[in-house]
Amino acid sequence: MQTKKGIPVSPGIAIAPAMVLDGEDQPIPRRTVAPTQVPHELQRLDDALAASSAEVQELKDKTTARVGPELAAIFGFHLGMLADKSLVGEIRSAIENQRVTAEFAVYSVLKAMGKKFLQAESRYMRERVSDVWDLERRILRHLIGKARDELAHLDHNAVVIAHDLTPSQTASLDRSKIKGIATDAGGLTSHTAILAHALGIPAIVGLEDITGQVNTGDMVVIDGQRGVVTIDPDAGQLMQSRKEADRMVALGDLLGEIRDLPAETKDGTEINLQANIEFPNEIGQALNNGAKGIGLYRTEFLYLASKTEPTEEEQYQTYLEAINNLDGKPLTVRTLDLGADKMDKRHNTGNDSSERNPFLGCRSIRLCLQNLPMFKTQLRAILRASTAGPVRIMFPLISNIMELLQSKMILGDVMEDLEDQGIAYGENIPVGIMVEVPSVAIQAKTFCREVDFMSIGTNDLIQYTVAVDRGNERIASLYSGAHPAVIMLIRDVVRAADKAGVDVSLCGEMASVPEYTMLLMGLGLRSLSITPPALPEVKQIIRAVSIDQCRRVARKATTFDSDREVANYLRDQLSKAIPGVFDGRSIGY
Ligand code: PEP
Ligand code: MG
């Protein structure tokens with residue numbers, strides 16, 4: 001039995017055999033398989049070699065047609081290696097004799113081969129090493145891609161162990177089979193973490209080298225409360241984890257009872273509790289958990305989940321489904337927030353790993369403003385759907401007033417086009433922005449003149465305020481919503497919005513973390529948008545406190561110099577307000 005501690009991002013206990021996924025760009029750890037799995041690994045190898053050969057042959061044919069056979073000859077070298085009996089024999093024998101995974105066999109044999117090439121006398125041979133690496137990546141891509149595809153068709157429960165998962169990979173996991181997630185990389189508000197939480201899958205990120213410690217098939221316990229992974233648990237540990245899992249189900253039932261009660265403080269102040277979603281099918285759970293509407297619909301997941309760019313009609317149907325699912329409750333549609341860790345190479349906008357600084361790069365509204373046809377298509381679809389129910393349009397990552405004015409102008413153009421074409425859209429659609437860049441928080445008063453509403457996106461606001469990448473596990477301890485500078489920015493935005501009579505909400509993950517509920521209410525927020533599973537717990541806190549109490553907490557919290565003091569104080573205040581609230585929990589930041 002072995003345990004590893006990481007960053008807990010989605011509560012719950014998962015007990016299941018591991019399914020380990022390697023990453024093409026990561027060193028492949030030496031992992032063994034059971035003797036009965038050896039034929040399966042050999043078959044996987046054969047499939048990956050065949051797929052690689054077909055791919056290289058196609059490349060060779062295309063290159064020959066385009067630039068002639070001389071330049072295409074290089075692919076002949078790749079094909080030669082793929083058909084080389086002694087090379088393939090060496091990889092096969094590693095699987096058969098050492099019982100390693102196909103990935104490790106390919107990785108280790110081709111690495112050794114590359115090293116030999118590098119030491120060769122002949123310059124020609126030394127230069128061929130890049131072809132060896134190229135081939136290695138190609139075969140690994142097929143092996144790993146296949147393993148990821150297999151995840152969607154598992155016939156048994158499993159816990160996914162991976163270096164990292166992209167948001168679209170996380171979104172496509174089969175929730176009935178995947179019981180938990182543990183990754184080497186990631187931070188508390190990385191999009192994979194947010195999605196795992198929204199999907200209700202217990203998850204731990206930032207474990208650094210969990211992929212090197214676990215073999216596929218090993219029994220694993222994920223404790224998404226404490227952030228602990230147990231590998232090969234003994235009987236005692238298993239029993240304790242099962243008891244804990246039962247206790248959490250019972251707690252969930254208890255919280256379920258407050259679902260239909262108002263989100264109202266003891267002294268009668270109502271808080272507008274809404275939910276964050278990525279897909280319309282999450283709306284059912286959000287409403288069941290008591291949401292009064294959707295405060296953040298992350299529409300980019302529609303793009304991330306499909307292989308081609310969704311058409312206007314597909315988007316229209318999806319937004320319509322969301323509006324209909326809400327049955328008259330409001331829907332805040334955020335326009336595309338692609339880029340950074342929500343990568344999408346299809347749009348060829350440079351938002352892939354080749355962008356030097358993706359979080360400061362061409363993401364979100366910047367990307368939309370550089371891709372007007374894509375932006376306008378989305379706006380048309382939202383507007384058309386808006387005849388079916390109350391919709392608000394929200395622009396993400398605004399950092400400059402000109403961007404907002406330009407975005408509003410484009411929205412106006414799209415409205416005019418629709419009018420010219422005699423196509424209806426909703427009347428008086430409120431238009432707002434995410435406040436997630438410090439420049440906008442500081443200039444909140446100016447922005448209030450141009451918007452109907454604002455929603456504070458603390459996930460990004462924190463990272464840009466304290467210069468800490470929200471997905472980087474190595475600096476995760478520096479990423480904190482309790483940082484005094486972050487609290488001051490929230491306070492100032494709420495004040496500016498209140499003064500201007502602009503509706504203000506907070507939809508970052510901070511709103512879903514119970515430690516912050518009293519602080520946020522004390523800072524003046526009366527509207528929060530939360531990940532659906534966290535709604536009952538936050539409502540429980542709202543109902544247990546008074547606004548005066550929250551104001552006192554906020555006043556005191558703004559006197560501390562460090563995030564640690566603020567965090568300790570908030571935990572302390574919450575456990576005084578609701579004794580026992582932290583039993584078995586360490587989630588929060
Ligand atoms: C945020 O930044 O706080 C936010 C809600 O947006 P996202 O997490 O999608 O970046
Ligand atoms: Mg954001």
Side-chain angles (χ1 to χ4, degrees), residues 9-10 166-168 170-171 186-199 205 274-279 282 286 291 294-305 331-344 351 358-368 392-399 403 432-441 453-472 479-483 486-487 489-490 493-494 504-513 516 520 525 527-532 534 589:
V9 291
S10 178
T166 65
S168 47
T170 313
L188 194 61
T189 63
S190 55
H191 286 97
T192 301
I194 291 174
L195 210 54
H197 198 176
L199 295 171
V205 302
Q274 303 211 2
N276 297 346
I277 57 157
E278 288 72 32
F279 298 99
E282 291 170 70
I294 299 302
L296 169 64
Y297 173 14
R298 291 182 165 103
T299 56
E300 56 277 4
F301 282 89
L302 178 62
Y303 280 65
L304 293 168
L331 173 70
T332 304
V333 185
R334 182 175 73 181
T335 58
L336 279 176
D337 186 17
L338 286 168
D341 65 336
K342 290 180 243 174
M343 288 188 281
D344 197 323
N351 280 286
F359 272 114
L360 299 184
C362 184
R363 63 172 289 210
S364 202
I365 195 71
R366 301 167 184 183
L367 189 126
C368 288
R392 309 197 303 175
I393 295 179
M394 177 159 74
F395 300 124
L397 208 83
I398 296 286
S399 61
E403 278 173 327
I433 55 169
M434 298 276 297
V435 179
E436 45 189 352
V437 180
S439 57
V440 175
F453 69 94
M454 287 177 159
S455 189
I456 306 174
T458 45
N459 302 339
D460 278 314
L461 185 62
I462 297 168
Q463 76 164 344
Y464 294 130
T465 304
V466 297
V468 176
D469 176 345
R470 62 196 264 187
N472 187 334
Y479 180 98
S480 171
H483 194 295
V486 173
I487 297 174
L489 287 179
I490 298 173
V493 172
V494 175
V504 61
S505 174
L506 192 145
C507 63
E509 291 302 291
M510 258 180 104
S512 306
V513 178
Y516 290 114
L520 297 179
L525 280 154
S527 171
L528 300 172
S529 194
I530 295 178
T531 185
Y589 59 118

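Just so you know, ligand 1 is whichever comes first in the structure, and atom 1 is the first atom listed for that ligand. All residue numbers refer to positions in the sequence shown, counting from 1.
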Requested in this report: State which residues pass salt bridge (charged side-chain N to carboxylate O under 4.0 Å, His left out) with Arg392; sequence neighbours excluded, sorted by chain then number.
Outcome: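 Once residues adjacent in sequence are excluded, the partners of Arg392 under the salt bridge (charged side-chain N to carboxylate O under 4.0 Å, His left out) criterion are Asp503.
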
Query raised in the report: Using 4.0 Å as the upper bound for N to carboxylate O, is an ion pair formed by Asp337 and Arg298?
Result: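 Salt bridge flag = no for Asp337 with Arg298.
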
Query raised in the report: Which heavy-atom pair separates Leu397 from Met434 by the least distance, and what is that distance?
Result: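 Smallest heavy-atom distance, with atoms named: N-CB, 4.2 Å.
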
Query raised in the report: Taking any residue with a non-hydrogen atom under 4.0 angstrom from an atom of ligand 1, which ones do you get?
Result: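 If the criterion is a heavy atom under 4.0 Å, then ligand 1 touches His191, Ile194, Leu296, Arg298, Arg334, Asp337, Lys342, Met434, Glu436, Gly457, Thr458, Asn459, Asp460, Arg470, Cys507, Gly508.
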
Report task. Taking atom types as modelled, find out whether Tyr479 and Thr189 have a side-chain donor-acceptor pair closer than 3.5 angstrom. Result ->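 A donor-acceptor contact under 3.5 Å links the two side chains.
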
Query raised in the report: Any luck finding a side-chain donor-acceptor pair between Asn276 and Ser529 under 3.5 Å?
Result: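 Checked: Asn276/Ser529 side chains pair up, N/O donor to acceptor below 3.5 Å.
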
Query raised in the report: Taking only residues two or more places apart in sequence or in another chain, which ones pass side-chain contact (heavy atoms from CB on, under 4.5 Å) with Val493?
Result: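 Residues passing side-chain contact (heavy atoms from CB on, under 4.5 Å) with Val493: Val435, Ala441, Ala444, Met454, Ile456, Val504.
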
Quick one: does [X]'s side chain get under 4.5 Å of [Y]'s, heavy atoms only?
X      : Y      : result
His483 : Ile462 : no
Glu278 : Glu300 : no
Leu367 : Leu336 : no

**Report entry** Around the Mg ion (ligand 2), number of protein N/O/S atoms which are nearer than 2.8 Å
**Finding:**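 My tally for this metal is 2.
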
